[in-house]
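Here is the structure we will look at, set down as structure tokens.
Keep in mind the model is a prediction, meaning the values are calculated, not measured. What you see below is based on every heavy atom in this structure, not just the backbone, and it leaves out hydrogens, waters and symmetry mates.
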Amino acid sequence: MAGHIHSIESFGTVDGPGVRFVVFFQGCPMRCLYCHNPDTWEPGAGQLAETGEIIEKMERNRSFYETGGLTATGGEPMLQMDFLTELFTEAREKGFHTCLDTSGICFLPGDEKRLARIDKLLACTSLVMLDIKHMVPASHKSLTGHDNAGILEFARYLSEKKMPVWIRHVVVPGITWQEEELTALGIFLRELTNVEKLEILPYHAMGRVKYQQLGIPYPLEDTPQLKKEEAAQAEAVVRRAWKNVSES
């Protein structure tokens with residue numbers, strides 16, 4: 001099976017455990033204001049690649065990935081569910097760890113056919129990195145163009161399935177750099193029993209050059225980048241709420 005991909009990174013170190021072979025999928029329904037990959041938005045663009053071709057490229061440098069594996073990111077990999085499932089199935093058959101980096105936007109609660117396809121995908125997935133954009137529904141829609149109800153339900157579904165999950169949350173000044181929002185995330189995490197890691201990521205503007213190249217106005221032009229110490233403070237807020245611990 002062939003799918004549309006944007007690019008491949010053969011030595012990724014921030015997209016899951018260990019050294020990763022990272023496949024950037026083409027196409028995404030989200031329009032996150034801080035997105036640093038706007039060139040992955042358009043579905044059907046990019047280059048066609050077959051699952052066997054991708055696995056063969058991994059096999060050439062197999063020793064690099066013995067403690068890492070394959071990560072599918074994007075864009076939104078779950079837009080190409082069947083291609084993604086075949087890719088992960090072949091990777092697992094070869095003994096590779098598989099990691100899905102997703103926003104969860106493609107989860108449709110109550111759609112039994114879609115749930116069956118998701119279950120098939122999860123059966124060949126070792127780890128899900130779920131990027132929760134914003135906890136407040138209206139603010140989530142302003143930030144991404146979409147509601148967050150299905151995304152939070154996806155998080156709960158993964159917990160029910162006992163799927164190992166890393167939660168990612170980008171902290172942006174004026175958007176998610178707010179104690180109320182960060183506390184809400186921590187409280188939500190109490191519902192989940194499968195979270196292995198929490199990653200609080202500071203907003204950066206390194207994607208601005210891509211917007212310039214594409215002739216797209218950069219939405220957060222006047223937003224300052226978040227400092228590492230501020231990200232650490234934000235993480236402390238989330239963790240206190242998650243563990244239900246007061247500052248004192």
Is any side-chain heavy atom of Tyr218 less than 4.5 Å from a side-chain heavy atom of Gln212?
-> no

Single-linkage hydrophobic cluster Leu121~Phe24, side-chain heavy atoms < 4.5 angstrom | no

Note: Leu79 and Pro29 closest approach over all heavy atoms is CD1-CD, 3.6 Å

Which distance, rounded to the nearest 0.5 Å, do you find between the CE of Met129 and the CG of Leu127?
-> 6.5 Å

Under a 4.5 Å cut-off applied to non-hydrogen side-chain atoms, are Met81 and Ile118 in contact?
-> yes

Indicate the atoms forming the closest heavy-atom contact of Ile175 with His134, along with that distance.
-> O-NE2, 3.0 Å

Of Asp101, Leu152, Val195, Thr102, which meets side chain to side chain contact (heavy atoms under 4.5 Å, CB included) against Leu130?
-> Thr102

At what distance, to the nearest 0.5 angstrom, does CG of Asp82 lie from CE of Met1?
-> 5.0 Å

Side chain to side chain, Val23 and Thr71, heavy atoms closer than 4.5 Å | no

Residue pair Val19, Glu66: steps toward the side-chain contact (heavy atoms from CB on, under 4.5 Å) verdict = CA-CA 8 Å; Val19 176; Glu66 291 298 334; over 6 Å; no

What is the minimum heavy-atom distance between Leu115 and Gly110, and which atoms define it?
-> CD1-N, 4.4 Å

Would you kindly confirm whether Tyr34 and Ile216 end up in one hydrophobic cluster when ILVMFWY residues are joined by side chain heavy atoms under 4.5 Å apart?
-> yes

Trp177/Leu182 under side-chain contact (heavy atoms from CB on, under 4.5 Å): CA gap, chis, key distance, verdict = CA-CA 7 Å; Trp177 181 219; Leu182 296 167; 4.1 Å; yes

Under 4.5 Å between any side-chain heavy atoms of Glu59 and Phe96, yes or no?
-> yes

Nearest-0.5 Å distance that lies between atom CZ in Phe154 and atom CE in Met163 | 8.5 Å

Aromatic centroids of His140 and His146 separated by under 6.0 Å = no

Between the side chain of His4 and the main-chain N/O of Ala45, is any donor-acceptor distance below 3.5 Å?
-> yes

Pair Phe83-Thr85, side-chain contact (heavy atoms from CB on, under 4.5 Å): steps then yes or no | CA-CA 5 Å; Phe83 170 64; Thr85 301; over 6 Å; no

Would you say Arg31's side chain and Gly145's backbone share a donor-acceptor pair under 3.5 angstrom?
-> no

Taken in chain and number order and not counting sequence neighbours, the residues that satisfy side chain to side chain donor-acceptor pair (under 3.5 Å) with Asp147 are none

Tell me, with the steps shown, if Lys94 and Glu90 meet salt bridge (Lys or Arg N to Asp or Glu O under 4.0 Å).
-> CA-CA 6 Å; Lys94 296 291 185 180; Glu90 291 189 19; over 6 Å; no

Do Asn148 side-chain atoms and Lys141 backbone N/O form a donor-acceptor pair below 3.5 Å?
-> no

How long is the gap from CD on Glu50 to CD on Glu56, to the nearest 0.5 Å?
-> 10.5 Å

Check against side-chain hydrogen bond (donor to acceptor under 3.5 Å, both in side chains), Gln26 and Thr40 = CA-CA 5 Å; Gln26 185 71 35; Thr40 66; 5.7 Å; no

Which distance, rounded to the nearest 0.5 Å, do you find between the CG of Asn244 and the CZ of Arg190?
-> 4.0 Å

Indicate yes or no: at least one non-hydrogen side-chain atom of Lys197 is less than 4.5 angstrom from one of Glu199.
-> yes

side-chain hydrogen bond (donor to acceptor under 3.5 Å, both in side chains) between His169 and Glu181: does it pass, once the steps are laid out?
-> CA-CA 11 Å; His169 189 63; Glu181 195 275 337; 3.0 Å; yes

Crowded around Phe188 CZ? As in, over 12 foreign heavy atoms under 6.0 Å?
-> yes

When clusters are formed by joining ILVMFWY residues with side-chain heavy atoms under 4.5 Å apart, either directly or through shared neighbours, do Leu220 and Leu143 land in the same one?
-> yes

CD of Glu221: more than 12 outside heavy atoms within 6.0 angstrom?
-> yes

Is there a chain of hydrophobic side chains (I, L, V, M, F, W, Y, each step under 4.5 Å between heavy atoms) that links Phe25 to Met78?
-> yes

Measure the CD-CG distance between Glu53 and Leu87 for me, rounded to the nearest 0.5 Å.
-> 11.0 Å

What orientation do Tyr157 and Phe107 show, parallel under 30°, tilted 30 to 60°, or perpendicular over 60°?
-> tilted

Side-chain contact test, heavy atoms from C-beta onward, threshold under 4.5 Å: evaluate it for Thr223 versus Tyr203 and give yes or no.
-> yes

Carboxylate-amine/guanidinium contact Asp39 Lys210, below 4.0 Å | yes

Less than 4.5 Å apart, any side-chain heavy atom of Pro77 and any of Phe88?
-> no

Identify the two heavy atoms, one from Phe21 and one from Ile8, that lie closest to each other, and give their separation to 0.1 Å.
-> CZ-CG2, 3.4 Å

Leu33 and Tyr211 have their tightest heavy-atom pair at O-OH, 4.2 Å

same_hphob_cluster(Trp166, Val170) at 4.5 Å side-chain heavy-atom cutoff = no

Does Ser139 use its side chain to pair, donor to acceptor, with the backbone of Met135 at less than 3.5 Å?
-> no

Under 3.5 Å donor-acceptor, Gln225 side chain and Ala205 backbone = yes

Which atoms form the tightest heavy-atom contact between Val22 and Gly12, and what is the distance?
-> CG2-CA, 4.1 Å

Using a strict 4.0 Å threshold on nitrogen-to-oxygen distance, state whether Arg156 and Glu160 make a salt bridge.
-> no

What's the verdict on side-chain hydrogen bond (donor to acceptor under 3.5 Å, both in side chains) for Ser159 and Glu191, showing C-alpha distance, side-chain angles and the deciding distance?
-> CA-CA 8 Å; Ser159 183; Glu191 298 183 34; over 6 Å; no

Fit a plane to each ring of His36 and His204, take the angle between them on a 0 to 90° scale, and name the class: parallel (under 30°), tilted (30 to 60°) or perpendicular (over 60°).
-> tilted

Atom NZ of Lys120 with >12 non-hydrogen neighbours under 6.0 angstrom | no

Derivation of the side-chain contact (heavy atoms from CB on, under 4.5 Å) call for Leu192 and Val165 = CA-CA 10 Å; Leu192 312 179; Val165 164; 6.0 Å; no

Do Arg60 side-chain atoms and Ile55 backbone N/O form a donor-acceptor pair below 3.5 Å?
-> no

Is there a side-chain contact between Leu201 and Val171 (heavy atoms, below 4.5 Å)?
-> no

Answer yes or no: is there an ion pair linking Asp111 with Lys113, defined by an N-O contact shorter than 4.0 Å?
-> no

